[in-house]
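For reference, the structure discussed in these notes is given below.
Quick caveat: nothing in here was measured; it's all calculated off a predicted structure.
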Amino acid sequence: MGQERQASDDPTVTDPDHYRVIFENERVRVLEYEDRPGTRTHPHHHPDSVMYTLSGFERRISSGDRVMEVVLAAGETHWLPDQVHVGENTGTTPTHAIFVELKEAGPGPRPSGGE
């Protein structure tokens with residue numbers, strides 16, 4: 001089950017120098033993210049989202065006890081499940097990405113055996 005966003009963990013509040021809303025309606029919110037090598041974000045929440053990379057970059061993503069090293073090329077698209085994390089640019093290039101955050105809850109379990 002997804003986590004509910006608190007104003008205090010909204011990335012546009014935790015890291016306003018890096019995240020900005022470029023579109024929003026009742027179903028989605030689209031964020032642009034930019035940073036430089038060495039930038040580390042504060043803990044923040046993303047609901048289910050699609051990320052599109054505008055630049056290639058290297059990042060360390062920390063979520064609870066889990067730490068992942070990520071290397072992405074420009075033009076990649078990835079599904080990101082609901083999560084709270086901290087990101088750090090560990091590479092030598094700026095990060096530039098678009099996040100399309102879904103506002104609707106994901107589908108529930110499908111009924112089994114019905115017609």
Please round to the nearest 0.5 Å and tell me the distance separating atom OG of Ser49 and atom CD of Glu101. 4.5 Å
Are His45 and Gln83 close enough that some pair of their side-chain heavy atoms sits under 4.5 Å apart? no
Please lay out, stage by stage, how Ile22 and Leu31 fare under the test side-chain contact (heavy atoms from CB on, under 4.5 Å). CA-CA 6 Å; Ile22 58 175; Leu31 304 177; over 6 Å; no
Using the salt bridge (charged side-chain N to carboxylate O under 4.0 Å, His left out) rule, take Glu34 and Arg20 through it: C-alpha gap first, then chi angles, then the decisive distance, then the call. CA-CA 9 Å; Glu34 295 183 86; Arg20 71 182 183 102; 5.3 Å; no
For Asp17, what residues pass the side-chain contact (heavy atoms from CB on, under 4.5 Å) criterion, not counting sequence neighbours? none
Taking every heavy atom of Val84 against every heavy atom of Ser63, the minimum-distance pair comes out as O-OG, 2.8 Å
For the pair Lys103 (side chain) and Glu24 (backbone), establish whether a donor and an acceptor sit closer than 3.5 Å, ignoring hydrogens and angles. no
Please assess Thr12 against His18 for the test side-chain contact (heavy atoms from CB on, under 4.5 Å), listing each intermediate value before the final yes or no. CA-CA 8 Å; Thr12 65; His18 302 292; over 6 Å; no
Using the ring of each side chain (for Trp, its six-membered ring), is Phe99 parallel, tilted or perpendicular to Tyr19, with breaks at 30° and 60°? tilted
What are the two closest heavy atoms between Ser55 and Pro94, and how far apart are they? OG-O, 3.2 Å
May I ask you to test the Val67-Ser62 pair for a side-chain heavy-atom distance under 4.5 Å? yes
Assess the residue pair Thr39 and Glu88 against the criterion (side-chain contact (heavy atoms from CB on, under 4.5 Å)); give the C-alpha distance rounded to whole Å, side-chain angles, the decisive distance to 0.1 Å, and a yes or no. CA-CA 6 Å; Thr39 299; Glu88 180 180 1; over 6 Å; no
Heavy-atom check, side chain of Val21 versus side chain of Val30, under 4.5 Å: no
Pair listing, ring-ring contact (aromatic ring centres under 6.0 Å, His included) test, anchored in residues 61-97, at least two apart: His44-His85, His46-His85
Of the non-hydrogen atoms in Val50 and Thr77, which two are nearest, and what is the gap between them? CG1-CG2, 3.5 Å
Shared hydrophobic cluster for Tyr52 and Leu72 (ILVMFWY, side-chain gaps under 4.5 Å): no
Should Ile61 and Val71 be counted in the same cluster of Ile, Leu, Val, Met, Phe, Trp and Tyr side chains packed under 4.5 Å apart? no
Only one of Asn89, Thr90, Thr95 forms a side-chain hydrogen bond (donor to acceptor under 3.5 Å, both in side chains) with Arg59, so which one is it? Thr95
Show your working on salt bridge (charged side-chain N to carboxylate O under 4.0 Å, His left out) between Arg27 and Glu104 and close with a plain yes or no. CA-CA 6 Å; Arg27 298 182 69 195; Glu104 299 173 352; 2.9 Å; yes
Let me confirm one number: the OG1-CG distance from Thr93 to Asp35, rounded to the nearest 0.5 Å. 9.0 Å
Go through the steps for Tyr33 and Asp15 under the test side-chain contact (heavy atoms from CB on, under 4.5 Å), then give the verdict. CA-CA 10 Å; Tyr33 177 81; Asp15 295 283; 5.6 Å; no
With distance as the sole test, does Asp48 use its side chain to make a donor-acceptor pair with the main-chain N or O of Asp82 at under 3.5 Å? yes
